[in-house]
Amino acid sequence: MNLLVFDWALLIEKLVLIAIIISISLVVAMYATYGERKVAAWMQDRVGPNRAGPFGLLQPLADGLKLFFKEEIIPNSSNKFLFILGPSLAMLTAMMTCAVVPWGSQIKIAGRAIDLQVADINIGILYVFGVVSMGVYGIMIGGWASNNKFSLMAALRGASQVISYELAMGISLIALLMITGSLSLKTIAEQQINGHWWNIVYQPVGFLIFFVCALAECNRAPFDLSEAESELNMGYHQEYSSMKLGFFLFAEYINMFISSVIMATLFFGGYDIPFVNESKFDPQLMAVLGVVSLMAKTLIFIFVFMWIRWTLPRFRYDQLMNLGWKGLIPLALVNMLVTAVVVLSRQ
Amino acid sequence: MQLLTQRSKPVSRKPMNLLEKIYLPAILKGMTITFSHMFHKKPTIRYPEETREFSPVFRGLHVLNRDEEGRENCTACGLCAVACPAEAITMEAAERKEGEEHLYREEKYAARYEINMLRCIFCGLCEDACPKDAIYLSETVAPASFARKELIYGKKDLLIPNPVTEPEAYAQAKGQKQIK
């Protein structure tokens, strides 16, 4: 046993970091529900939640409390294990993605340089893709275990949609990776800070494809076919009640947060502060400001997600599949080829 | 064929050009529209704090009126009940006794006067029918209730406060309306 040489401080540091990141993403997701309602209200010339607390700021707490106190129903004919596994899986995969995201550069606490990232693994973006594609199991299992045909249909639609759009997303990402030459999110973020332009300048089409696919992956409108209220009752979470339903809905908001962070990191410079040369200032302060900058970009993205949701109507299913397979995948392929040609000719 | 209205427009069947087929310009246009709506004035009336302004002819909850000395106007003639298209009004008449002159204005009065608010349609015909200016529709909105029997309003719910003993409550119940 060589416990003495084991770096306990690192373990504690990482545990604290994980706790902070998870609580931050939970709080952001919580307030995203509030933000969603507010944005929807404003766009429809309404006021939105304004009763619980000042400006209705306690509304998410009230909503959560309501969900906890509602009756928990597990249908008799459902597969009980899977029925409970579904929402937990959706939640789990949503939370797991944030492990590889670089939230900032380094801060020094008590003489220790602490990376603001849980794990800087060199396959970061692959890990994200792996976990995200696991997320579809949450929906699929949820829909299957309910033993309800509507749920199953909706889950199938959701699953095939996620799989279809994952292709275009991956290909659009390959074009980006040709430029950056790295799969590590930290490296990608740092490349954009050190004198380079943000990746959006080099990959506008790639970003557009990535963004559309991110909408589809998060099951956000106009791609929210897995929860079609009008044609499939409620979609994959029809049989769910109380906090299990809450988990499904909550996982969507966490997904939205994480994909916003990923997009900000990949295409918008991560924790880079635009038009500021970070190296000229106190690194401690700049690290904190970097986190703020990343969060600001993320919140803008979350707003754009909501903005789109309250503007565009839902796709018809064949339109969705057409866009995915006949629109985005060829476009992503062309984008990849063009990028490859440019990168090669530059060398 | 001749068009019946001025509003109908011929539909353009022109095939979409490339820019229209991408849909992105149309989407961006839609998004600017929704974004601009964020800064529009909200028509919402935040109810308990703000109340909607009613028109002067608004017909709210009924009051049974009293005269300046605080005597009840109603003589239980029953014309309001006859006029009521929903048959919501029932009453029982009684004769005024010695020493009750300060309570009732004439020899006959309504011992029981009920309006079934579940039936009432607030048409105001009772008000029109009343020869003694005894029943009026005030400006108060009819309150909701959890029990049906609470919505059968008796005399204690309907009678306006006494102008002699409770002038403030009387003025409030009377409101801005021209009640004699």
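All values reported here derive from a predicted model rather than from experimental measurement. Reminder, nothing fancy here: chain letters follow the sequence lines and each chain counts from 1.
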Report task. Classify the angle between the aromatic ring planes of F301(A) and F211(A) as parallel (below 30°), tilted (30 to 60°) or perpendicular (above 60°). Result -> tilted
Requested in this report: Measure distances from I22(B) to the heavy atoms of chain A and classify the residue's part below 4.5 Å as side chain, backbone, both or neither.
Outcome: neither
Query raised in the report: Of the options E72(B), E114(B), R112(B), which is the one that meets K155(B) in a side-chain contact (heavy atoms from CB on, under 4.5 Å)?
Result: E72(B)
Report task. Kindly assign one of parallel, tilted or perpendicular to the pair F268(A) and F207(A), based on the angle between their ring planes and the thresholds 30° and 60°. Result -> perpendicular
Report summary line: Distance col, row C80(B):SG vs Y113(B):OH, nearest 0.5 angstrom, shows 3.0 Å
Query raised in the report: Of the backbone (N, CA, C, O) and the side chain (C-beta and beyond), which part of Y23(B) lies under 4.5 Å from a heavy atom of chain A, both, or neither?
Result: neither
Query raised in the report: For L208(A), is it the side chain, the backbone, both, or neither that has a heavy atom closer than 4.5 Å to a heavy atom of chain B?
Result: side chain
